[in-house]
Amino acid sequence: MHFEASEEQTLFLDSIRRFLEAETPLGTVRRLAETGGFDRGWWRRAAALGWTSLLVAEEDGGAGLGDEGAIYLGILAEEMGRLVSPGPVLPSAIVAATLSRSGSREQRDEVLPELISGERVAAWCLAEGGRSWSPEAIALEAEPTSHGFRLSGVKTPVEAGDRAELLLVTARADGALTQFLVPADAPGVTVELLEGLDLARRFAEVRFDGVDVSESALVGRAGGAAADVERQFQLALALASAESAGAAGRVLEFTLEWAFDRFSFGRPLASYQALKHRFADMKTWSEACHATASAALAAIAAGDPAAGRLARIAKSYTGDHAPEIVQDCVQMHGGIGVTWEHDIHLYLRRVATNRTMYGEPAEHREAIAATLLDVAGGEAA
Amino acid sequence: MHFEASEEQTLFLDSIRRFLEAETPLGTVRRLAETGGFDRGWWRRAAALGWTSLLVAEEDGGAGLGDEGAIYLGILAEEMGRLVSPGPVLPSAIVAATLSRSGSREQRDEVLPELISGERVAAWCLAEGGRSWSPEAIALEAEPTSHGFRLSGVKTPVEAGDRAELLLVTARADGALTQFLVPADAPGVTVELLEGLDLARRFAEVRFDGVDVSESALVGRAGGAAADVERQFQLALALASAESAGAAGRVLEFTLEWAFDRFSFGRPLASYQALKHRFADMKTWSEACHATASAALAAIAAGDPAAGRLARIAKSYTGDHAPEIVQDCVQMHGGIGVTWEHDIHLYLRRVATNRTMYGEPAEHREAIAATLLDVAGGEAA
Amino acid sequence: MSTESVEDFRARARAWLAANMPRLAPGAPAWNAMDVSEQDAARARELQRKLYDGGFAGLCFPREYGGQGLTPAHQRAFTEECRPYEMPLLFNTPTFTIIAPTLLDMGSEAQKRRHLPAMIRGDELWVQFMSEPSGGSDLAGALTSAKWDGGQWLLNGSKIWSSYAYFSDYAICLARTDWDAVKHQGLTMFIVKIRQPGVTVNRIRQSDGAIEFCQEFFDDVPIPPENVIGQVNDGWTVAQRLLHHERSSTGGSSPYASGTAGTRKESIDDLVELTRRAGLAGDRTARQQLAEAYVLQTVQVQLVDRVVKGMETGALPTTAGALLRLFGGTFAARRATIGFELAGSDAVAWKAGEERASRYGHGYVFRQASCLGGGSTEMQRNIISERILGMPREPAADRGVPFKDVRRNTGTSRR
Amino acid sequence: MSTESVEDFRARARAWLAANMPRLAPGAPAWNAMDVSEQDAARARELQRKLYDGGFAGLCFPREYGGQGLTPAHQRAFTEECRPYEMPLLFNTPTFTIIAPTLLDMGSEAQKRRHLPAMIRGDELWVQFMSEPSGGSDLAGALTSAKWDGGQWLLNGSKIWSSYAYFSDYAICLARTDWDAVKHQGLTMFIVKIRQPGVTVNRIRQSDGAIEFCQEFFDDVPIPPENVIGQVNDGWTVAQRLLHHERSSTGGSSPYASGTAGTRKESIDDLVELTRRAGLAGDRTARQQLAEAYVLQTVQVQLVDRVVKGMETGALPTTAGALLRLFGGTFAARRATIGFELAGSDAVAWKAGEERASRYGHGYVFRQASCLGGGSTEMQRNIISERILGMPREPAADRGVPFKDVRRNTGTSRR
């Protein structure tokens, strides 16, 4: 967490940590991995702690934190990382925020309360299976029909796609970004659970084979979703970054304990300078991961026009460094670190997955280079 | 040097080392840097040791080692690296080899003896100032005239271009690689000495402003130089690699001595595990640099069809690692390592220059990727 | 006795292989050391026997112990020739490259005559009982103990990280026989029969989900005195030979390995195919990564050649195998990372039945194993700096102290 | 006394700057700490005096010592506002960010009243005499000695790596005053006037050819007793405060720096321009490198913010500045490498008069300076592991031993 947390933020953090440690300690996470992911009752209890409404306006039943909710979400994401928690926090928060901002009266009155209460789960259908996760790469077609639109295309991987009752689909109508809220059981929608590296978080492929939706499925106006999508994307980048920072920070903590406890040649591992210097590097990177994730969330919360660039910076830095921290901590553990029995691989799977999801570091660096090089005059703002 | 040197090779090595240590120790190298590079008398004495004729056929007054001369040249290059020596070894060897293979009777009878004796110096005009050093990038035009060709273009940087009486110019006639031997004082040739990072080795820009040459300037036939150029290029890559391996290996040696002699907190630097582990990494990379440079030269000597790929591998590996070894040795030295007074920067300047000259690691990796990906079936042979 | 020339031998081997050994299907996957079943072991025993019957087993082992007494050059030729054939690669490591040369160096004449021919015939697969759950890199800190009791030793304790123990026959086992001696002087190396009462073998699941390694528990396992290798309480001398051979083995410089799991070319073809399948054949960054992997792989082979020659000529000390272990371990980790990055999201989430890219994800999760197995890269760096470069040894708190008084792990922060 | 609000202050500063300070020419090169002449120093003194006269000098220093008694937030606002103007940046380090806060912490009232206002007025430029030719990272191993002799101290020995000593006025100097005490307990910190008989200042040429640093030789230099900072033989306590402020300074978290050498944006613009000029604006590898530099530069600023807040709130110990030094040093080295690679052969050979790219070559040659100056990255890693993470301290062979008996450098392998 950032070092200037308010009292409310600290209370929120404590409530998350107590809840996760009690309800989904790592042993439970392992069991959920075998049985199919998060428990719906658990999710409703998490929702009761306010997790789902942090970016929802007060009049829509939300926390009324305004954009500052992004900072609370960052705290939540870090804690999720610290315990490799399951649960559709990221897609839920993103979909709820967009419905509150741009949803129709009906969507806000009928759908949003159920998302906030955790009764229903929503997923965001963004990527389409190519290398790029950028909104520019979206091609899923929304063809106008007499009564609405027909959606055709494939979205994959979709976080929590297998468990979601509602899908926020980012598509193109007449070439312009347009979003729809579609029930997962709509005719023509096929959801296939994917296998994956992360044991607690699941992804699905969602096919739209000429799915007919009415005008009322639109979230915002046709062709007018670019700002919402950009904001969703920024949130996803920053939250994935915060989660990886939390995960890597936690791994570093318990690996340090291990180094104190473990003796080799009559000396604790922690006394070997070659290892000490690597711990020093890892500590530095870990603090930098926290710093850049917090800065991105603060920029989003502040409506800073640089938020998009800062979110990409955070995602690229944490994508490079969080996995390397965890890998070197595996090395510090020795043989036990590459066993199934030891929890460290749960963390490695999470940060490796986060590195890829919502775009790899190289994709974000390329986008950053574009802001530096491709604008007239090299304007970097 | 490779670990299976023959007795002849060991004698050759000893003669080089004795000569360089006596004639151009590092203090002399520094003085030469102030005064304009190598001394002609020194170069003639070096030539008398056989340096210029290692790849020249016996009937042309050469060593008669056949292709095995490449291995001797590698030994010479490593020793040049170990003492950051001046002198046009690489261009002399390359030009002499090509004249012996493909030169006209006249070139072999009139010119070659003077190159071998060190009376005259030759330079190879390859690069044209762009990013690429590959023969494919050569554009200097050789336009047919009634009596020969007219050369137009710029070559830069040209090693020893400021001191050479003769220029081997790689050009294109009708789009096909063609080489010429041109006197540096021919009308239309302008040579401008460049400033540079390497204190002992100099480069020049050579302009050809409509330089008229007769047919007799051709080395080999018009449009038929591809094989010679490829071989020259392979030699340049392998020799630059060997030289950098020699330089980095020597730096590692004296830095290790320093670590033994230097005490910090009452203990020799060499006793600090964090430094010991970095020395272990450097030793491994250093041996690998030697290994890959030797393997490339052995392949050239054996006429192995893989020689081109192995030369690129060596250049890319040593280009990445030799400078990093030297930089970390600078770090090991502390403040004294970044002074003018300490010799280590002479080595750093040499390996940094070699990294760039004849193509950076990324260019060679791209070419290697092409052999892996762009040939039907992915044939990597 | 004059030795057959390498080229004559090569021709004879080629003909024999074609007539006798099963050919690999074109494009058959390279042998996967990670997932070996008892059936695979039975098959390896059968093929090894076939080689033995044909006179092509144990090429570099002395004739008196069932080998062929040939040179490393003969072995290299054979390894080149046998590439298209199914080979009993399971015998290579640790049986032939680590255990057998240790027995050759340190075993009694009776031990050599009893076990070496049996290995070469395919009758005995061996494993190492060296590491312990509490031990990490500190092999000499073994807590497994053997007590002399009525004319035999009784073994108690636990070992870990032994590959394939569940289908192997014998193990070489380091145990503490004197707790009052300083650490390195109270150890003895034993030959232990695996399938006998008192030995329990459990399999360990790896972080990537595969099962290769085992943990063993010993409960008063009897060992006859003739199964001591070398001298009682001098087991560390034997262990050092064993570690030397292990470095040669994992570094790729052992002359006792016969056949290899895939040629160099196959191994890069893997990444080439991945790059193409991922649609990245034209992507400059991907091309750089692919070429980097190929450069490192090639340099690794070149480094093995150099270091082996250096050790042969005495230009490098025999500990130089640590250079190969360090290079090999870090390269394998880098290669796993490149594979993971090339594979993109397919390595992170994939459809059931389309697992091709998933192994790059699992390879990434298991990445550090290449820097741990066969001696951690940290130990290699210690060896290189201390024994090749002659730098001062790390201070150890367990020197000159009776082993029973040495400080050991505290807490139980293993999670 | 109520403090002016930051925004009111900002408005007042903006107006004053526009009316009084010389504007930088658009596109003027950022201030280059590497190549400072005596004229530059005179100019800096003049500008500092101007700030002082306007009431904008020493913003965070107490009023009783000539400062303005304002908050770090005021200083940040001023630093933002003064970007378009020429500033006396030479005073920032070490005078304001390292020496002055050390005097504030540890100096006598008389020392503070005498020197702090003089610094803030632009009358005194200071340097550090800390490192020694024989010493490396081991500052407490100082061999420069001061002997008490007839009512004053006499200084003998040599110091090195002091920037700008040849035009500065005073130095803070660590010297050994008791050779029978253990290392850290026989040191005293002195104030030394530089321009006086017995002090010889030689300039050192750097590996990149530039001249910034100096070496000083002391030959019976007299120091009056009132120039001892803190207690005699307690100089290491003073040195630790100084090192703390040095870490804050080089890490970028000191509140006493006023103005910065170039904005963040200018600094990446440098590489952007290089990329364009090299024709690499469309090259994917170059774009990755450029973006990497920008990412690291941005994260560095974010890390400074985080660590400063962490130290303010007590979430991080005061030694956390070492995190910033380590990040900053390694980033600067990485940035130098990226610049060198982007510049291509222009950084290796260039036409006289077309040196623009050559500085990337020289920057690469001098690269490690960023990992050495202000405390090597190795020392930062020791501090982070031992003082932030609480890992065991390195064994030192010089603890508990009279300093005169400690082993020192052997041989003379400096070449």
Side-chain angles (χ1 to χ4, degrees), chain B residues 1-5 252-253 256 259-260 267-273 275-296 298 306 309-310 312-318 320-321 361-362 364-374 377-381, chain C residues 264-265 268-269 271-273 275-276 280-282 284 286-316 320 322-327 330-331 377-378 380-386 388-395:
Chain B
M1 192 168 64
H2 61 117
F3 288 136
E4 294 182 311
L252 186 54
E253 283 172 17
L256 190 63
F260 280 107
R267 289 165 51 184
L269 284 187
S271 72
Y272 287 92
Q273 197 194 29
L275 308 189
K276 285 164 62 181
H277 279 204
R278 278 156 52 189
F279 272 107
D281 284 334
M282 290 195 283
K283 175 68 176 169
T284 307
W285 301 333
S286 174
E287 291 297 331
C289 284
H290 284 290
T292 191
S294 299
R309 199 174 65 232
L310 292 174
R312 286 179 178 279
I313 285 171
K315 185 66 166 57
S316 105
Y317 188 85
T318 58
D320 279 339
H321 288 88
H364 295 301
R365 277 194 296 268
E366 171 56 33
I368 291 162
T371 70
L372 295 171
L373 284 165
D374 301 344
E379 194 54 53
Chain C
R264 299 161 197 179
K265 187 162 168 317
I268 196 67
D269 280 355
L271 289 183
V272 169
E273 193 207 337
T275 309
R276 288 221 178 88
L280 295 173
R284 195 168 149 92
R287 291 165 71 91
Q288 287 285 315
Q289 290 183 308
L290 176 67
E292 182 193 345
Y294 187 63
V295 166
L296 290 175
Q297 173 183 306
T298 307
V299 174
Q300 182 177 30
V301 174
Q302 295 167 337
L303 183 64
V304 169
D305 287 351
R306 175 176 173 87
V307 169
V308 168
K309 278 170 199 155
M311 292 193 292
E312 280 168 15
T313 61
L316 288 174
L323 297 165
L324 304 180
R325 263 294 296 138
L326 178 56
F327 192 101
T330 50
F331 162 53
T377 40
E378 287 80 9
Q380 308 312 313
R381 291 190 179 100
N382 282 343
I383 292 168
I384 294 166
S385 57
E386 296 175 5
I388 302 180
L389 300 177
M391 302 175 86
R393 287 182 63 188
E394 277 306 291

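In what follows, chains carry the letters A, B, and so on, assigned in the order in which the sequence lines appear, proteins first and then strands, with residues in each chain numbered from 1.
With B:Thr284 contributing its side chain and B:Ala280 its backbone, the two residues share a donor-acceptor pair below 3.5 Å. For the pair C:Arg276 (side chain) and B:Leu373 (backbone), a donor-acceptor distance under 3.5 Å is present. B:Glu287 places no side-chain N or O within 3.5 Å of a backbone atom of C:Val307 that could act as its donor or acceptor partner. Counting only distance, with no hydrogens or angles, the side chain of B:Ser286 and the backbone of B:Met282 share no donor-acceptor pair below 3.5 Å.
Ranked by heavy-atom pairs shorter than 4.5 Å toward chain C, the options B:Cys289, B:Ala314, B:Ala367, B:Ala362 are led by B:Ala362. Chain C forms the most heavy-atom pairs under 4.5 Å with one residue out of B:Leu310, B:Leu275, B:Asp320, B:Ile313, and that residue is B:Ile313. Between chain B and the options C:Arg393, C:Gln380, C:Glu386, the largest number of non-hydrogen pairs under 4.5 Å is found for C:Glu386. Considering only heavy-atom pairs separated by less than 4.5 Å from chain B, the leading option among C:Ile383, C:Ile388, C:Leu290, C:Thr330 is C:Leu290. If you tally non-hydrogen atom pairs under 4.5 Å between each of B:Ala295, B:Ala369, B:Pro361 and chain C, the highest count goes to B:Ala369.
The residues B:Glu366 and C:Arg287 are annotated as salt-bridged, a charged nitrogen and a carboxylate oxygen being separated by less than 4.0 angstrom.
When all heavy atoms of B:Pro268 and B:Phe260 are compared, the closest pair comes out as CB-O, 3.6 Å.
B:Ser316 touches chain C through its side chain: at least one heavy atom from C-beta onward sits under 4.5 Å away, while N, CA, C and O do not. Of the two parts of C:Glu312, neither the backbone nor the side chain holds a non-hydrogen atom closer than 4.5 Å to a non-hydrogen atom of chain B.
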